[in-house]
Amino acid sequence: MLRPCLELVDTHIHKHSPWLTQFERIRGPRNMGEVPCDPSSPEFTWEEFATPEGGEVIIAKSSWSSTSNTALVDILNSACIDTVLCCGLITSVCVQHSAFGIFEAGYRTLLVTDACADRGMARHEAALALYGDYMYELIMSDDLESKTTGLIPAEPVWVVIDQKTN
């Protein structure tokens with residue numbers, strides 16, 4: 001099983017998420033509200049599959065895109081990374097916006113289709129059909145392990161993150 005070396009955590013708080021007020025105006029209060037992320041809180045828990053392991057970088061994001069007001073692009077640049085694998089939830093929203101931001105920043109962007117999900121398979125497939133193999137490459141997780149189609153593993157690059165970059 002592939003493990004990420006960098007995880008993004010959603011934190012939607014009005015003072016940090018300018019879009020939240022507009023989103024609530026359009027959708028109403030249903031299924032919405034502030035979603036703070038405070039790993040030091042006693043109520044906070046990680047899903048088993050997403051629990052960080054030693055050395056993983058965790059970036060809190062306050063928008064749908066992982067590149068909006070985060071240190072992600074700076075971290076990728078300082079680590080000399082040129083290819084980014086995208087996966088997560090929700091394909092048509094957060095994954096899509098993050099893939100766009102990474103593509104726009106000039107990185108080879110690979111969306112791992114079977115490591116993403118949406119509110120239904122039709123939405124997931126529609127999102128992939130819109131921009132797959134146009135703004136990002138579509139791959140499956142098995143492709144990453146293939147000796148012919150897989151990526152060449154790079155040597156790890158250690159990145160020091162200070163308060164300024166996160």
Side-chain angles (χ1 to χ4, degrees), residues 1-12 16-20 22-23 31 35 37 46-161 165-166:
M1 177 178 159
L2 294 171
R3 289 282 309 170
C5 60
L6 187 142
E7 293 191 33
L8 298 159
V9 179
D10 284 328
T11 174
H12 303 308
H16 296 127
S17 305
W19 60 271
L20 190 55
Q22 177 65 13
F23 190 70
N31 301 325
V35 181
C37 171
W46 291 97
E47 293 291 342
E48 183 179 330
F49 65 87
T51 301
E53 294 182 355
E56 292 181 356
V57 176
I58 301 166
I59 299 175
K61 67 182 189 69
S62 61
S63 179
W64 294 350
S65 174
S66 59
T67 60
S68 295
N69 301 316
T70 70
L72 178 59
V73 173
D74 293 335
I75 291 169
L76 296 173
N77 284 335
S78 65
C80 301
I81 292 171
D82 62 3
T83 301
V84 177
L85 303 176
C86 295
C87 60
L89 302 170
I90 301 283
T91 310
S92 61
V93 184
C94 293
V95 175
Q96 203 76 290
H97 284 266
S98 292
F100 294 163
I102 291 165
F103 171 82
E104 187 175 47
Y107 295 93
R108 178 181 180 204
T109 307
L110 307 173
L111 196 141
V112 187
T113 60
D114 60 336
C116 298
D118 208 303
R119 290 183 170 93
M121 188 55 87
R123 277 186 177 203
H124 172 74
E125 290 175 353
L128 298 177
L130 280 173
Y131 297 104
D133 294 325
Y134 179 67
M135 293 183 82
Y136 46 77
E137 298 171 53
L138 298 176
I139 61 168
M140 300 279 288
S141 57
D142 287 346
D143 296 333
L144 299 170
E145 296 179 4
S146 164
K147 293 194 182 311
T148 55
T149 61
L151 299 175
I152 299 168
E155 290 300 315
V157 176
W158 295 99
V159 179
V160 176
I161 301 175
T165 58
N166 194 14

Minimum heavy-atom distance between L89 and C94, given as atom pair plus value:
O-CB, 3.5 Å
Look up atom CD1 in I139 and atom CG in L111, then write down how far apart they are to the nearest 0.5 Å.
8.0 Å
Taking all non-hydrogen atoms of both residues, which atom of C87 and which atom of V95 are closest, and how far apart?
C-CG2, 4.1 Å
For T83 against I81, the heavy-atom pair lying closest together
O-CG2, 3.3 Å
Between D118 and H124 the two heavy atoms that sit nearest each other are CB-N, 3.7 Å
Considering all heavy atoms of both residues, which atom of C86 and which atom of A99 are nearest to each other, and what is their separation?
SG-CA, 4.0 Å
Is a side-chain N or O of D133 found less than 3.5 angstrom from the main chain of L138, in a donor-acceptor match?
yes
State, to 0.1 Å, how close V112 and S141 come at their nearest heavy-atom pair, and which atoms those are.
CG1-N, 3.7 Å
Evaluate the side-chain contact (heavy atoms from CB on, under 4.5 Å) criterion for residues L85 and L144: first the C-alpha distance (whole Å), next the side-chain angles of each, then the deciding distance (0.1 Å), finally the verdict.
CA-CA 10 Å; L85 303 176; L144 299 170; 4.0 Å; yes
Applying ring pair (Phe, Tyr, Trp, His ring centres under 6.0 Å), name anything that partners H97, two or more places apart in sequence or on another chain.
W64
The criterion is side chain to side chain contact (heavy atoms under 4.5 Å, CB included); which residues satisfy it with F100, sequence neighbours excluded?
Q96, Y131, M135, Y136
I59 and S66, any side-chain heavy atoms less than 4.5 Å apart
no
Taking atom CG of D74 and atom OG1 of T67, what is their separation to the nearest 0.5 Å?
11.0 Å
Side-chain donor/acceptor of S98 to backbone N/O of S65, under 3.5 Å:
no
